[in-house]
Amino acid sequence: MRWTDFLLPTLKETPAEAETQSHKLMLRAGLIRKLSSGIYNMLPLGLRVTQKVASIVREEMNRIGGLEILMPILSPAELWEESGRWGIYGKELMRVRDRHGRFFALGPTHEEIVTDIIRGEVRSYRQLPLTLYQIQTKFRDEVRPRFGVVRAREFLMKDAYSFHRDEASLAETYDKMYEAYTRIFTRCGLRFGPVEADSGAIGGDVTHEFMVFAETGESRVFACDCGYAATEDTAECVIDVPEGSQGARGLEKVETPAMKTVEEVTAFLKKEPRQLIKTIVYNVEGEYVAVLIRGDREINEVKLAKVLGTPNIGMATAEDIEKVTGGPLGFSGPVGLKDVRIIADRTVTGACNMVTGANEADVHYVNVTLGRDFEVTGFHDLVLVEAGDICIRCGKPLATWRGIEVGQIFKLGTKYSKIMKATFLDEEGKEHPFVMGCYCIGITRTVAAAIEQHNDKDGISWPISIAPFEVHVLPTNVTVRELKDTAEAIYNGLMAEGIQVLLDDRDERPGNKFKDADLVGTPIRVTVGEKSLKEGKVEIRMRKSGEVTKIEKGDAIARIAEVVREEKKKLEA
RNA sequence: CGGGGCGUAGCGCAGUCCGGUUAGCGCACCUGCUUUGGGAGCAGGGGGUCGGAGGUUCAAAUCCUCUCGCCCCGACCA
């Protein structure tokens with residue numbers, strides 16, 4: 001491609017709206033332009049990268065036997081009502097109405113639609129397993145679109161769905177997907193990690209998220225050298241449980257004037273936060289539940305929601321707390337608490353001689369002991385893991401890092417097939433619901449994640465597998481005949497080798513061209529300038545290392561083609 | 001939805017508090033000349049409903065009311 005025939009609008013200054021490196025660089029290097037909040041135009045350069053990522057994904061899906069299909073973006077409300085998600089998906093589901101007043105959803109994901117296809121077309125166990133996938137625009141009315149294409153309201157996603165006769169078959173496909181995902185992100189040149197995760201609105205029990213390591217990532221992950229890795233929502237850790245209740249001292253009330261926080265109370269009583277039990281009252285769909293956790297730890301609300309069996313939980317208001325406990329906010333405790341379900345984190349197991357609120361203003365209890373002074377209906381793992389906590393697999397401390405979630409794989413089971421009555425017949429003619437899995441990858445998000453990992457002060461530095469061009473040919477001055485002709489010859493020669501080349505044939509000063517070349521980030525740059533050409537040479541410069549080698553003009557095409565092959569080889573999975 | 005901030009040329013901004021020339025600067029763009037190895041110089045030029053609507057005033061980018069959009073922080077997720 002000749003630059004002068006292309007639309008590649010680079011920006012010297014960063015638009016004010018951009019916060020993260022990937023967003024800034026996608027705008028500056030002319031990959032995208034914003035149309036509206038969370039909605040982007042994909043310019044030619046951006047599309048080239050997106051399509052490269054998509055084709056790597058397609059190759060790997062096909063390799064494990066996936067069949068590509070294309071489902072419509074618009075889907076009738078009835079299908080969503082059947083699964084129950086028309087109601088529970090919430091405001092994130094974009095809805096439109098046709099001229100007859102019928103409602104449609106703009107697909108955020110397609111479980112209902114594939115399930116509908118399969119229940120119509122597949123009758124026999126002989127047709128299983130079956131994996132269908134598509135690469136398509138998805139819509140989610142995000143509460144807060146952010147970071148450009150990373151959290152957009154309209155984005156490109158690969159979504160695959162597998163159908164099985166039993167869990168064993170699902171497990172097999174799940175493992176193949178896991179490996180395919182590993183190959184995909186490796187081929188894209190990303191540093192990433194699969195982590196155990198929460199299944200959220202899509203449902204199912206077993207699920208892994210694929211995280212690309214990035215400082216600006218929205219997700220926090222805990223990981224251990226032994227291979228254990230999980231998101232903040234699901235991470236578990238070993239809790240040091242104190243000894244039993246021998247040595248319990250007598251329960252006592254103490255004055256704690258205006259001291260509401262753990263820090264205030266423990267400092268006043270000359271105790272450690274871990275000697276106190278926090279009591280947090282939650283409003284669970286109109287009912288109140290008191291949740292106990294040791295004073296030095298925080299509650300993980302995702303775990304709590306799972307234990308309570310509903311995502312609709314929130315902290316009770318100050319007024320509700322007075323009503324429920326009889327005391328003001330900040331002085332709640334389990335002792336004498338009536339008519340409220342009390343559950344506790346494992347840190348409360350064996351609680352002895354602890355401090356708690358007394359459910360009256362400015363008073364706390366000391367020497368509170370489990371079993372003697374209060375009871376709980378159950379112990380659960382509700383703790384929010386922190387860096388340094390102990391790994392449940394190997395006993396070493398957990399490390400923490402941030403990541404961008406680029407894909408997730410789920411074992412759905414029969415959640416959708418049961419409710420939508422999608423069944424097949426086994427050898428004995430017995431009817432069973434399909435066992436399902438679903439597997440997605442954010443294609444446009446992967447592009448952003450790649451930039452987030454591969455950039456420096458000068459711009460993007462693409463892994464060659466997803467670079468919009470493999471080689472950037474840069475004549476320093478196109479008004480000089482010899483420079484122009486040499487550059488053109490190399491350009492044509494490389495194209496004949498099947499290499500994707502961008503020729504900067506603009507009549508610009510060299511400085512501008514160098515700056516733009518670094519910004520756009522093509523991995524290999526060939527500089528055709530007067531200095532070297534006098535000696536009959538051209539220069540190869542690697543974008544990532546800055547390393548320059550001079551080569552004979554006559555060897556250029558063969559040598560460059562070789563460098564391209566070497567670079568590609570490094571990213572093979 | 002709650003909290004904070006911003007809308008002035010394609011991009012980045014000043015001017016707004018304290019109303020008063022023809023609304024300004026840098027970059028980008030067009031023409032010409034010079035220049036050509038890391039974001040050139042000179043000269044000339046084009047481009048604005050000052051987000052929108054209403055109001056106050058002799059006079060509004062500037063003051064008041066309403067409204068729309070965008071960004072950031074929190075609850076969501078590929």
Reckon A:Thr14 has a side-chain N or O less than 4.0 Å from the OP1 or OP2 of B:rG12? no

What is the distance, to the nearest angstrom, from the CG atom on A:Leu11 to the P atom on B:rG12? 9 Å

Look at all strands and tell whether A:Arg28 reaches a base, only sugar-phosphate, or nothing, counting heavy atoms closer than 4.0 Å. base

Sugar-phosphate, base or nothing in reach of A:Gly529, heavy atoms under 4.0 Å: base

Nearest whole angstrom, please: distance from the P of B:rC71 to the OH of A:Tyr40. 6 Å

Describe the nucleic acid contact of A:Val406 in one word from base, sugar-phosphate, nothing, applying a heavy-atom distance below 4.0 Å. sugar-phosphate

Minimum-distance nucleotide to A:Asn512 side chain [options: B:rG37, B:rC11, B:rG39]: B:rG39

Send over the distance from A:Arg509 CZ to B:rA40 P, rounded to a whole Å. 5 Å

Is any side-chain N or O of A:Ser37 closer than 4.0 Å to OP1 or OP2 of B:rC71? yes

Ring centres under 6.0 Å, that's the criterion: do A:Phe6 and A:Phe469 meet it? yes

Any donor-acceptor pair under 3.5 Å joining the side chain of A:Arg151 to the base of B:rC76? yes

Closest-nucleotide 5' rank along RNA chain B - winner of A:Thr444 and A:Phe514: A:Phe514

Out of B:rU36, B:rC71, B:rG39, which nucleotide sits closest to the side chain of A:Thr479? B:rU36

Determine: side-chain N/O of A:Arg33 to OP1/OP2 of B:rC11, distance under 4.0 Å, yes or no. no

With the six-membered base ring of B:rA78 as reference, does the ring of A:Phe155 sit under 5.5 Å away with planes under 30° apart? yes

Short N-O contact, A:Glu488 and A:Lys484, less than 4.0 angstrom: yes

Any residue of residues 465-473 of chain A with a heavy atom less than 4.0 Å from an atom of RNA chain B: none

If you take atom types as modelled and just measure distance, does the side chain of A:Asp518 reach the base of B:rG38 with a donor-acceptor pair under 3.5 Å? yes

Report which part of the nucleic acid A:Lys34 touches: base, sugar-phosphate, or nothing (heavy-atom distance under 4.0 Å, all strands). sugar-phosphate

Listed nucleotide nearest any side-chain atom of A:Lys12, set B:rC27, B:rU36, B:rC76: B:rC27

If you check the A:Lys515 side chain, which of B:rC71, B:rU36, B:rG38 turns out closest? B:rG38

